Amino acid sequence: MTDAHREIQPAHYIPESKQWLPGPSQDRAEHMSSFMRVVSWNVDCMRAEPDLRLDAALSYIQHHVFKCRTNRRCPEPCSILLQGVLATAFNTILNNKWVQNFFVVIPSTTDAWPKLAKYGSVTLLSRSIDITKSTSIHFSCSESQLHAIFIDVKLSGLLDTAKAPPSSESVVTLRIANTHLDPLPDGAPIREKQLKLVANALMQDGLFGGIVGGDFNAVSPNDSALVESVGLLDAWSGDDEGGFTWGYQPRSPLTPGRLDKLVYTPRPGFFIDTPKKIAVGKKYGKLTRRRWISDHYALLTRVQCVFFASDASDVI
């Protein structure tokens with residue numbers, strides 16, 4: 001098995017026929033956005049009731065993150081990166097009415113995951129954003145059948161008004177990766193190889209910028225320097241403990257850690273906000289039987305591309 005990029009199909013929902021079809025949605029926003037929000041969340045493949053927990057996770061994102069009170073309320077431009085989705089729970093995403101109305105799902109089927117994978121990553125992209133390409137890397141070095149998903153999207157870059165009229169706009173390509181790196185302290189060398197593959201994909205020619213979110217399983221001392229060693233920057237700007245995303249739901253006998261991260265390619269004009277921890281303390285179920293949605297917190301950020309005339313080579 002090699003680490004080659006594989007083309008994968010997005011899927012969009014057709015309400016008239018009540019089915020998901022391969023390919024991007026034909027919806028087009030009236031105005032191309034210059035920004036988007038990115039959510040990353042490991043929804044935990046290890047606990048009971050994966051369907052109920054995944055449904056609760058999507059409901060939390062809909063109602064509390066994007067403030068969409070009904071299934072007819074359109075979210076702002078966004079991408080939702082989910083990890084730890086059990087294959088048996090994949091249809092929970094496809095059956096969600098809000099997802100059906102406003103998102104494309106990548107991949108369209110769990111058949112796009114590594115052959116023996118029992119869980120994997122899924123990316124949701126709001127239909128208000130144009131997707132031009134979707135691929136996957138199956139990590140040949142993974143002992144857990146893990147992978148990375150990549151989508152290329154179009155955003156409007158705001159021109160430098162000192163050099164061009166304020167009404168001018170250019171279209172840039174942003175690559176978004178969603179990944180889950182191998183676990184455990186002795187998996188550090190494997191994680192390095194995996195993140196290097198992701199970083200190389202985010203820094204290919206023709207891209208304005210790249211961002212990767214996911215569960216980095218950063219549990220060993222060597223993981224602290226891993227992001228910069230592959231040429232990426234960590235969007236987190238606080239102390240490490242303040243960014244811990246795992247170990248509290250419930251309290252673990254293992255040391256809590258900042259397992260989940262959002263990192264990006266360094267370049268002028270590509271901006272990403274410091275991630276905010278969300279889904280902290282969130283549970284589901286009846287009042288007499290409340291359970292954690294996930295053992296991980298989620299992360300939320302906002303990215304924006306600002307185009308300058310000198311960046312003309314990065315416009316596609």
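Values below: every heavy atom of this structure, side chains too, minus hydrogens, waters and symmetry copies. Computed from a predicted model, the values in this text were never measured in an experiment.
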Engineer: Do Phe270 and Val172 have side chains that get closer than 4.5 Å, going by heavy atoms?
Structural biologist: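 They are not in side-chain contact.
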
Engineer: Any side-chain to backbone donor/acceptor pair from Trp41 onto Ile80? Under 3.5 Å, distance only.
Structural biologist: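 It does not hold such a pair.
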
Engineer: Applying the side chain to side chain contact (heavy atoms under 4.5 Å, CB included) criterion to Asn42, which one of Leu299, Asp260, Leu82 satisfies it?
Structural biologist: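 Single side chain to side chain contact (heavy atoms under 4.5 Å, CB included) partner of Asn42 among Leu299, Asp260, Leu82: Asp260.
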
Engineer: Could you check whether the rings of Trp246 and His296 sit parallel, tilted or perpendicular, using 30° and 60° as the cut-offs?
Structural biologist: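 Plane angle between 30° and 60°, so tilted.
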
Engineer: Tell me yes or no: between the side chains of Asp3 and Gln194, is some donor less than 3.5 Å from an acceptor?
Structural biologist: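 Their side chains do not contain a donor-acceptor pair, so the 3.5 Å distance test is not met.
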
Engineer: Does Gln100 reach the main-chain N or O of Leu94 with its side chain, forming a donor-acceptor pair under 3.5 Å?
Structural biologist: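 The answer is yes, because a donor-acceptor pair under 3.5 Å joins these two groups.
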
Engineer: Please determine, by modelled atom types, if Thr301 and Lys276 share a side-chain donor-acceptor pair under 3.5 angstrom.
Structural biologist: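 Judged by distance alone, the side chains do not pair up.
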
Engineer: Hey, does Cys45 have a side-chain heavy atom less than 4.5 Å from the side chain of Lys118?
Structural biologist: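 Lys118 vs Cys45: side chains apart.
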
Engineer: Ignoring hydrogens and angles, tell me if any N or O in the side chain of Ser59 forms a donor-acceptor pair with the backbone of Ala56 under 3.5 Å.
Structural biologist: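 Side chain of Ser59 to backbone of Ala56: no pair is present.
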
Engineer: Within the side chain of Ser144, is there an N or O that forms a donor-acceptor pair under 3.5 Å with the backbone of Leu146?
Structural biologist: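 Judged by distance alone, no pair lies under 3.5 Å.
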
Engineer: Cation-pi between Arg267 and Phe208: NZ/CZ under 6.0 Å from ring centre and within 45° of the ring axis?
Structural biologist: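 Positive - Arg267 is close enough to the ring of Phe208 and near enough to its axis.
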
Engineer: Please work out which of the three classes, parallel, tilted or perpendicular, describes the rings of Phe150 and His5, given edges at 30° and 60°.
Structural biologist: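 Because their plane-to-plane angle lies in the 30° to 60° range, the rings of His5 and Phe150 count as tilted.
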
Engineer: Linking directly or through intermediates, with side-chain heavy atoms under 4.5 Å: list the remaining ILVMFWY members grouped with Val280, chain and number order.
Structural biologist: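 Phe244, Tyr248, Tyr297, listed by chain and number.
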
Engineer: Any heavy-atom pair between the side chains of Arg47 and Ser294 that's under 4.5 Å?
Structural biologist: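 Sidechains of Arg47 and Ser294: no contact.
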
Engineer: Answer yes if the side chains of Glu76 and Ser126 hold a donor-acceptor pair under 3.5 Å, and no otherwise.
Structural biologist: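 Result is no, nothing qualifies.
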
Engineer: Could you tell me whether Trp113 and Tyr119 have their ring centroids closer than 6.0 angstrom?
Structural biologist: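 When the ring centroids of Trp113 and Tyr119 are compared, they turn out to be at least 6.0 Å apart.
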
Engineer: Is there a donor-acceptor pair closer than 3.5 Å between any side-chain N or O of Thr179 and the backbone N or O of Leu181?
Structural biologist: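 No; judged by distance alone, with no hydrogens or angles, the pair does not exist.
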
Engineer: Asp55 and Thr92: side-chain donor and acceptor closer than 3.5 Å?
Structural biologist: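 Their side chains do not contain a donor-acceptor pair, so the 3.5 Å distance test is not met.
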
